[in-house]
Q: 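Shown below is the structure under consideration.
Heavy-atom basis, side chains included; hydrogens, waters and symmetry copies ignored. We name chains A, B, ... by the order of the sequence lines, and we start the count at 1 in each one.
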Amino acid sequence: MTLRLLDTLSGEQRPFTPLDPTNVRVYSCGPTVYGPAHVGNFRSFLFSDLLVRYLRYRGYPVTWVMNVTDVDDKIIRGARAEGSTIAAVAERWTARFLDDATTLRMTTPDVMPRATAHVPEMADLIGTLLERGHAYRTDDGSIFFRIASWPAYGRLAHIDPAEMRVGERVESDEYAKDDVRDFALWKGPKDDEPAWETAIGRGRPGWHIECSAMSMRYLGASFDVHTGGVDLVFPHHEDEMAQSEAATGLPFVATWLHCAHLQMGGEKMAKSAGNIARVGDLVESGVSPRALRYSLLAAHYRMALSFSEDSLQAAASAVERLDAVWAALGAYRSDGPDDATLPALLAEARSGFEAGLDDDLNASPALASVFELVREVNRRIAARSLSTADAVRVREVLTDLDRVLALLPDEEALESDLVAMVAARAAARAARDWAESDRLRSALLERGVAVEDTRDGQRWRRVEVARG
RNA sequence: GGCGACGUACCCAAGUGGCCUAAGGGGGAGGUCUGCAAAACCUCUAUUCUCGGGUUCGAAUCCCGACGUCGCCUCCA
């Protein structure tokens, strides 16, 4: 089977066919760096990560672009509040974003363009829209996109512009415009706001134009996949699509993918609602980063997902189950013959994994397939029906699937004093000195090493040290 | 007011016409193994898929209605 994706624009699930098989181009709406992103934001980023990882697993070369919005109202307000500059604010929170992303094992995008470094490209694009009659200026130097000039407006979000609730929440814009539904491409200069001198005049870019300019700069006028959270469908992506296609006359994006919200306490996780959790705080409080990754990744991306203490705890246990079988395979030694049915078992696990992800990146059945493999492998380890080479084979398959999941433990050697403690415990056990052996076992556990006895001797694995 | 999604066990969550007397993870109860543990394995934990009608030989899956929850229409991942 091949990868099938559900495209927001057409509403259809279609086989993925790259525009250019030698370079699949993916653009993801990244963070606005006015503060630390919350785990709801990261659900969306990790869903893009899953897409990119799976495309690469499937053998496609991928160029992944994720923008950083480093100028907007909130950043300007933040800078003003602390008497600093938008550059300082943006730099601080960009660094934090990258730290959190690394913590969650997010693939580093190939390009992470910053809006402020691409103002000329945005001005060019706006210039084209002006020339083509899709944009107009207002007295304060702002430039708006004229929705009336673009009949296709509303196609992505499946809304009729005429039905928009004009007047209730849409207006109240500080900038005068011909039609309240028109959106800002360029905001005229204000005394207390940063502004750029460009071919279209002085001012600062609107939000939507950033993504159009930067995606096209790095991926071309048409590219394969554009991702983001569902809340970006309208107006952000609708506006992006309108202005991009109005400027180029070409289809902007082949497949639009939108990730459902993360919920906490029965509602969308959002800063404004106050129900947010942050990567840094969670990790600080002892949550395993891999458990956090698992909890954000384990459900289908288009389904609302509940985030809670319980879901995190369940994720931690699931990841530990992976750790346990990984350690058991690493410690496994048997001179017996190869297990003749193992290749079929491994092939079945892999095909279940791929079938799940091929179906619009459905992680649930993919993970189910992995855990079914884990159970069967545990059985065979207990029955000692695998050879040493078989254990390596299982590890190789898990490693390969982990290119997509990124959940397996890091391979790190034990510190020398811990190695000594493990050896001392083996000696104590050999001497049947249970008191000393138990003492060392708990001492090791306090240092984050779980020791388990098997008929081949003891094996160890890293565990999260309980804190707080 | 408009548009849309969802409602599956104690919790999270797949499945969307027959392989479902419903994956997987977590939790709980028993058991096996073990010096004791831990891990692991085994058994049990939804004859049922919010409710009421209907279509069909057959529905958790399709249709209609009710109830409930959430989202978008405004900055938002």
Q: What closest approach, in Å, do Pro31(A) and Asn67(A) show between heavy atoms, and which atom pair accounts for it?
A: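 Taking every non-hydrogen atom into account, CD-O, 3.5 Å.
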
Q: Kindly give the atom pairs (protein nitrogen or oxygen, nucleotide nitrogen or oxygen) under 3.5 Å for nucleotides 38-42 of chain B.
A:
residue: rA38(B); atom: O2'; partner: Glu452(A); partner atom: OE2; Å: 3.4
residue: rA38(B); atom: N1; partner: Asp453(A); partner atom: O; Å: 3.4
residue: rA39(B); atom: O4'; partner: Glu452(A); partner atom: OE2; Å: 3.3
residue: rA40(B); atom: O3'; partner: Asn378(A); partner atom: ND2; Å: 3.1
residue: rC41(B); atom: OP1; partner: Arg321(A); partner atom: NH2; Å: 3.2
residue: rC41(B); atom: OP1; partner: Asn378(A); partner atom: ND2; Å: 3.3
residue: rC41(B); atom: OP2; partner: Arg321(A); partner atom: NH1; Å: 3.2
residue: rC41(B); atom: O3'; partner: Arg379(A); partner atom: NE; Å: 3.4
residue: rC42(B); atom: OP1; partner: Arg379(A); partner atom: NE; Å: 2.8
residue: rC42(B); atom: OP1; partner: Arg379(A); partner atom: NH2; Å: 2.3

Q: Please determine if Asp49(A) and Arg293(A) form a salt bridge, counting it only when a charged side-chain N lies under 4.0 Å from a carboxylate O.
A: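 Salt bridge: yes.
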
Q: Which part of the nucleic acid, if any, lies within reach of Gln313(A) when heavy atoms closer than 4.0 Å are counted: base, sugar-phosphate only, or nothing?
A: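 Here Gln313(A) touches no strand at all.
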
Q: So what does Arg425(A) hit on the nucleic acid, given a heavy-atom distance under 4.0 Å: a base, only sugar-phosphate, or nothing?
A: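 Counting heavy atoms under 4.0 Å across all strands, the contact made by Arg425(A) includes a base.
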
Q: Using atom C1' of each nucleotide, how far apart are rG27(B) and rC11(B) to the nearest Å?
A: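 That atom pair is separated by 7 Å.
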
Q: With rounding to whole Å, what would you report as the distance between rG18(B) and rG7(B) at their C1' atoms?
A: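 Taking atom C1' in both rG18(B) and rG7(B), they lie 24 Å apart.
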
Q: How long is the line joining CD1 of Ile381(A) and P of rU32(B), in whole Å?
A: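 For the pair Ile381(A) CD1 and rU32(B) P, the rounded distance is 23 Å.
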
Q: Where is the tightest heavy-atom contact between Arg429(A) and Ser437(A), given as atom of each residue plus distance?
A: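 Between these two residues, the closest heavy atoms are CG-OG, 3.7 Å.
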
Q: Charged N to carboxylate O below 4.0 Å: is that the case for Asp73(A) and Arg204(A)?
A: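 Counted as a salt bridge, because a side-chain N and a carboxylate O are separated by less than 4.0 Å.
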
Q: Assign each of Phe234(A) and Leu367(A) to its nearest nucleotide of RNA chain B by heavy atoms, then name whichever residue's nucleotide is nearer the 5' end.
A: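 Nearest nucleotide further toward 5': that of Leu367(A).
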
Q: For the side-chain contact (heavy atoms from CB on, under 4.5 Å) test, which of Leu98(A), Asp100(A), Leu46(A) pairs with Met106(A)?
A: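 That would be Leu46(A); it is the only one of Leu98(A), Asp100(A), Leu46(A) passing the side-chain contact (heavy atoms from CB on, under 4.5 Å) with Met106(A).
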
Q: Which whole number of Å gives the distance between the P atom of rG52(B) and that of rU61(B)?
A: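 Result for the P pair: 13 Å, nearest Å.
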
Q: Atom CD of Glu267(A) to atom P of rC72(B): distance rounded to whole Å?
A: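 It is 10 Å, rounded to the nearest whole Å.
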
Q: Could you tell me whether Lys271(A) contacts a base, only the sugar-phosphate backbone, or nothing, with contacts defined as non-hydrogen atoms closer than 4.0 Å?
A: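 Lys271(A): no heavy atom of the nucleic acid under 4.0 Å.
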
Q: Looking only at atom C1', what distance separates rC49(B) and rC6(B), rounded to whole Å?
A: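 Their C1' atoms lie roughly 14 Å apart.
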
Q: Say you pick atom P in rC51(B) and the same atom in rA60(B); how far apart are they, in whole Å?
A: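 Going atom to atom, P in each nucleotide, I get 11 Å.
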
Q: Between P on rC73(B) and CD1 on Ile159(A), what's the gap in Å once rounded to a whole number?
A: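 So the two atoms are 9 Å apart, to the nearest Å.
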
Q: Using a 3.5 Å cut-off on both pairing distances, which stems of three or more Watson-Crick or G-U pairs include RNA chain B?
A: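 Stem list for RNA chain B: B:1-7 with B:67-73, B:10-12 with B:24-26, B:27-32 with B:40-45, B:50-54 with B:62-66.
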
Q: Pick the C1' atom in rU16(B) and in rG58(B), then give their distance to the nearest Å.
A: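 The same atom, C1', in both gives a distance of 15 Å.
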
Q: Does the pair Leu257(A) and Phe47(A) meet the rule for a side-chain contact (heavy atoms from CB on, under 4.5 Å), with working shown?
A: CA-CA 10 Å; Leu257(A) 258 33; Phe47(A) 135 71; 3.7 Å; yes

Q: With sequence neighbours excluded, tell me which residues meet ring-ring contact (aromatic ring centres under 6.0 Å, His included) with Tyr34(A).
A: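 Checked Tyr34(A) against ring-ring contact (aromatic ring centres under 6.0 Å, His included); zero matches.
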
Q: When the distance from CZ of Arg302(A) to P of rC72(B) is rounded to whole Å, what number comes out?
A: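 Rounded to the whole Å, the gap is 18 Å.
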
Q: Atom CD of Gln263(A) and atom C1' of rG7(B): how far apart are they, to the nearest Å?
A: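 To the nearest whole Å, that distance equals 12 Å.
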
Q: Expressed as a whole number of Å, how far does the P atom of rA38(B) sit from that of rG17(B)?
A: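 Each nucleotide's P atom is 45 Å from the other's.
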
Q: What pairs of residues pass the salt bridge (Lys or Arg N to Asp or Glu O under 4.0 Å) test when at least one of them lies in residues 145-154 of chain A, not counting sequence neighbours?
A: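 The answer is Arg146(A)-Asp178(A).
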
Q: Does Arg384(A) make a cation-pi contact with Tyr332(A) (under 6.0 Å, within 45 degrees of the axis)?
A: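 The answer is yes; both the distance and angle limits are met.
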
Q: Mark yes or no for a side-chain to base donor-acceptor pair under 3.5 Å between Asp160(A) and rG2(B), with no hydrogen or angle criteria applied.
A: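 Side chain to base: no pair below 3.5 Å.
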
Q: Ring centres under 6.0 Å, that's the criterion: do His38(A) and Phe307(A) meet it?
A: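 Centroid separation for His38(A) and Phe307(A): 6.0 Å or greater.
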
Q: For the pair Glu372(A) and Arg375(A), find out whether any cationic side-chain nitrogen is under 4.0 Å from an anionic carboxylate oxygen.
A: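 No.
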
Q: Base, backbone or nothing for each nucleotide of nucleotides 10-22 of chain B, written B, S, -, heavy atoms under 4.0 angstrom, 5' to 3'?
A: --SSSS-------

Q: Taking atom types as modelled and ignoring hydrogens, do the side chains of Asp70(A) and Thr116(A) form a donor-acceptor contact shorter than 3.5 angstrom?
A: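 Yes, a side-chain donor-acceptor pair sits under 3.5 Å.
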
Q: Using the rule salt bridge (charged side-chain N to carboxylate O under 4.0 Å, His left out), only one of Glu320(A), Glu412(A), Glu411(A) pairs with Arg462(A); which is it?
A: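 Only one option passes, and that is Glu412(A).
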
Q: Between Asp438(A) and Val39(A), which is nearer to the 5' end of RNA chain B once each is assigned its nearest nucleotide?
A: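 The residue mapped nearer the 5' terminus is Asp438(A).
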
Q: Grab the CH2-P distance between Trp434(A) and rU34(B) for me, whole Å please.
A: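 Distance check: Trp434(A) CH2 to rU34(B) P gives 12 Å.
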
Q: Would you indicate, yes or no, if rC75(B) has its OP1 or OP2 atom less than 4.0 angstrom from a side-chain nitrogen or oxygen of Thr32(A)?
A: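 No, Thr32(A) has no side-chain N/O under 4.0 Å of OP1/OP2 on rC75(B).
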
Q: Applying a 4.0 Å non-hydrogen cut-off, can you work out what Gly228(A) is touching in the nucleic acid: base, sugar-phosphate, or nothing?
A: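 Since only primed, P, OP1 and OP2 atoms lie under 4.0 Å of Gly228(A), the category is sugar-phosphate.
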
Q: Once you round to the nearest 0.5 Å, how far does CZ of Phe234(A) lie from CD1 of Ile159(A)?
A: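 So the gap between those two atoms works out to 3.5 Å.
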
Q: So, Phe45(A) versus Phe97(A), ring centres under 6.0 angstrom or not?
A: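 Yes, the ring centres sit under 6.0 Å apart.
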
Q: Which nucleotide sits closest to the side chain of Ala368(A): rG35(B), rA23(B), rC72(B)?
A: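 Of rG35(B), rA23(B), rC72(B), rA23(B) is nearest to the side chain of Ala368(A).
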
Q: Once you apply a heavy-atom cut-off of 4.0 Å, does Gly266(A) come out as touching a base, just sugar-phosphate, or nothing?
A: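 Sugar-phosphate, no base atom in range.
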
Q: Taking all non-hydrogen atoms of both residues into account, name the closest pair between Thr103(A) and Pro289(A) and its distance.
A: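 Thr103(A) and Pro289(A) have their closest heavy atoms at O-CB, 3.4 Å.
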
Q: For rU32(B) versus rU50(B), give the span between their P atoms, rounded off to a whole number of Å.
A: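 It works out to 39 Å between them.
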
Q: Considering only heavy atoms, which members of residues 386-394 of chain A lie under 4.0 Å from some atom of RNA chain B?
A: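 Here the set is empty: none.
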
Q: Run the salt-bridge test on Arg4(A) and Asp359(A) with the 4.0 Å N-O cut-off and return the result as yes or no.
A: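 Judged by the 4.0 Å cut-off on N to carboxylate O distance, Arg4(A) and Asp359(A) do form a salt bridge.
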
Q: Spell out yes or no: do the side chain of Ser437(A) and the base of rG35(B) have one donor N/O and one acceptor N/O closer than 3.5 Å?
A: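 Result: at least one qualifying N/O pair found.
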
Q: Does Lys268(A) have a side-chain nitrogen or oxygen under 4.0 Å from the phosphate oxygens OP1 or OP2 of rC72(B)?
A: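 Checking rC72(B) against Lys268(A), a side-chain N or O does come within under 4.0 Å of OP1 or OP2.
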
Q: Could you state the atom-to-atom distance from CG of Leu232(A) to P of rC73(B) in whole Å?
A: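 It works out to 10 Å between those atoms.
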
Q: If I take atom CZ in residue Phe42(A) and atom P in nucleotide rA77(B), what distance separates them, rounded to the nearest angstrom?
A: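 Nearest whole value for this atom pair: 11 Å.
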
Q: Describe the nucleic acid contact of Ala260(A) in one word from base, sugar-phosphate, nothing, applying a heavy-atom distance below 4.0 Å.
A: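 Since a base atom lies under 4.0 Å of Ala260(A), the category is base.
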
